[in-house]
Amino acid sequence: MLPELLQGNDAGGFLIIQDSVCCCGRQLLWSFVKAALNREEAVHVLSFEASEEELKNGLKGSPIQRLHFHNAYVDPLGWTDHPVFTVDQFCLDKLKYLVKQTSQLKPATLVIDSLSWILRHVSPPAVCRTLQQLKKEGAVRAVIGLLHADLHQKGTAGSVCHLATSVVTVTPGVKGDEMVAKITKRSKSGKVTQHEEIFSIREDLTVVGQSKPSHLGSKQTEELETDPTANLTFNLRLSDTERKAKEKLALPFVFSEEKKTALLHSGPGSGRIHYEPDANDDYDQEDPDDDLDV
């Protein structure tokens with residue numbers, strides 16, 4: 001699923017790469033930048049945590065003519081007289097103006113490095129509103145953001161991830177150069193698919209898929225082999241002798257054929273009641289209860 005996301009087929013999508021202090025997702029973010037540049041798309045990078053030189057060194061060999069770097073790394077809070085981009089400019093109008101500065105035939109891709117920096121200085125509702133407006137109005141082809149999940153409360157990170165069409169959570173792999181990607185993708189119909197795979201990133205930012213984590217198969221096998229009646233203080237199973245005794249047991253309200261015959265057919269010595277109506281009986285066939293005072 002990770003190679004499919006790198007192909008960028010989901011136009012109008014919002015992808016979040018979620019990492020932590022244990023595993024950095026910036027290289028994967030740059031891999032998405034490289035993939036967009038190779039598709040001849042214009043890419044606008046709002047960088048709060050990496051310099052332009054660092055990014056371009058990582059993109060060596062890629063066509064960076066369509067790369068537009070908006071430097072929020074030097075002065076993100078606007079403390080100098082002429083800041084390039086500040087965190088307060090993260091709103092729909094400012095972002096649309098940045099994208100329209102470059103005339104490209106194809107819609108641009110907006111890359112945010114990182115959303116955590118913005119969430120630390122702008123209220124989460126305002127950030128979510130801006131991201132939702134970018135998706136709705138089609139100002140950009142796609143939005144790709146890096147989110148440091150361990151810097152925020154679960155509610156804040158969950159609210160932002162809820163807006164995303166795809167969330168890629170990276171965790172360390174078994175080997176030093178491997179990472180595990182836990183992918184959650186939401187389709188337009190509302191269907192949610194989850195996938196997990198091992199991958200590595202080469203020096204030229206090429207993503208190499210390895211395989212599915214082996215522990216998933218072992219976990220499923222353990223679940224299938226688990227006996228729910230193993231550690232109970234009472235027995236839920238019957239032995240052969242107990243099963244035969246149960247089958248022979250006559251239930252109190254279930255009549256056997258013999259009992260039905262005895263009840264329905266009177267035997268010798270049983271009494272019968274014979275009633276013969278006389279002339280004084282006022283019996284109306286149409287209204288049997290006519291003689292009652294009701």
Side-chain angles (χ1 to χ4, degrees), residues 4-18 25 28-49 55 65-72 76 78 83-147 152 155-168 183-193:
E4 296 175 6
L5 295 176
L6 285 165
Q7 291 175 4
N9 297 327
D10 189 12
F14 173 32
L15 185 142
I16 287 181
I17 300 172
Q18 195 171 219
L28 182 59
L29 179 72
W30 290 354
S31 296
F32 276 93
V33 173
K34 178 183 177 179
L37 292 173
N38 291 336
R39 294 193 301 268
E40 298 183 354
E41 297 177 7
V43 180
H44 291 260
V45 179
L46 302 180
S47 184
F48 292 88
E49 298 182 3
L55 174 59
Q65 297 83 4
R66 290 176 296 275
L67 177 66
H68 305 278
F69 188 88
H70 305 284
N71 194 346
V84 180
F85 189 87
T86 63
V87 71
D88 295 331
Q89 293 177 290
F90 188 78
C91 60
L92 180 65
D93 295 335
K94 297 289 184 181
L95 295 177
K96 288 173 66 176
Y97 175 75
L98 287 178
V99 174
K100 288 181 179 178
Q101 283 182 338
T102 57
S103 57
Q104 297 287 338
L105 297 177
K106 292 185 178 181
T109 297
L110 179 64
V111 178
I112 305 172
D113 183 11
S114 69
L115 284 167
S116 293
W117 223 102
I118 300 172
L119 287 168
R120 299 289 289 179
H121 297 86
V122 181
S123 65
V127 175
C128 292
R129 181 170 58 250
T130 301
L131 294 172
Q132 183 67 14
Q133 289 171 343
L134 285 171
K135 285 177 55 181
K136 273 190 175 182
E137 299 194 9
V140 292
R141 184 184 185 280
V143 180
I144 305 173
L146 181 64
L147 180 67
H152 310 283
T156 301
S159 298
V160 179
C161 290
H162 183 73
L163 298 174
T165 53
S166 301
V167 178
V168 181
I183 305 170
T184 302
K185 186 175 182 181
R186 299 180 180 89
S187 62
K188 293 181 180 180
S189 62
K191 180 181 178 182
V192 178
T193 57

With sequence neighbours left out, what residues match [X] under salt bridge (Lys or Arg N to Asp or Glu O under 4.0 Å)?
X: Arg141; value: Glu41
X: Glu49; value: Arg26
X: Lys96; value: Glu137
X: Arg120; value: none

Would you mind writing out the side-chain donor-acceptor pairs for residues 31-38 within the sub-3.5 Å range, not counting sequence neighbours?
from  : atom 1 : to     : atom 2 : distance (Å)
Ser31 : OG     : Gln27  : O      : 3.0
Ser31 : OG     : Leu205 : O      : 2.9
Lys34 : NZ     : Asp204 : O      : 2.4
Asn38 : ND2    : Lys34  : O      : 3.3

What pairs with Trp117 under ring pair (Phe, Tyr, Trp, His ring centres under 6.0 Å), at least two apart in sequence or on another chain?
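Listed in chain order: Phe48, His121.
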So, using ring pair (Phe, Tyr, Trp, His ring centres under 6.0 Å) as the criterion, who are the partners of His152 when residues are at least two apart?
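With neighbours one apart ignored, the set is empty.
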Residues that Ser47 engages under side-chain hydrogen bond (donor to acceptor under 3.5 Å, both in side chains), provided they are two or more places apart
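Listed in chain order: nothing, the list is empty.
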Taking side-chain hydrogen bond (donor to acceptor under 3.5 Å, both in side chains) as the definition, give me every residue that meets it alongside Ser123, ordered by chain and number, with sequence neighbours left out.
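Partners of Ser123 by the side-chain hydrogen bond (donor to acceptor under 3.5 Å, both in side chains) criterion come out as none, since no residue qualifies.
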Are any non-hydrogen side-chain atoms of Phe90 and Leu95 less than 4.5 angstrom apart?
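Contact flag for Phe90/Leu95 side chains = yes.
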Side-chain donor-acceptor distances from residues 128-136 under 3.5 Å, at least two apart:
from   : atom 1 : to     : atom 2 : distance (Å)
Thr130 : OG1    : Ala126 : O      : 3.1
Lys135 : NZ     : Leu163 : O      : 2.7

Excluding sequence neighbours, so at least two apart, what forms side chain to side chain contact (heavy atoms under 4.5 Å, CB included) with Asp93?
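Side chain to side chain contact (heavy atoms under 4.5 Å, CB included) list for Asp93, sorted by chain: empty.
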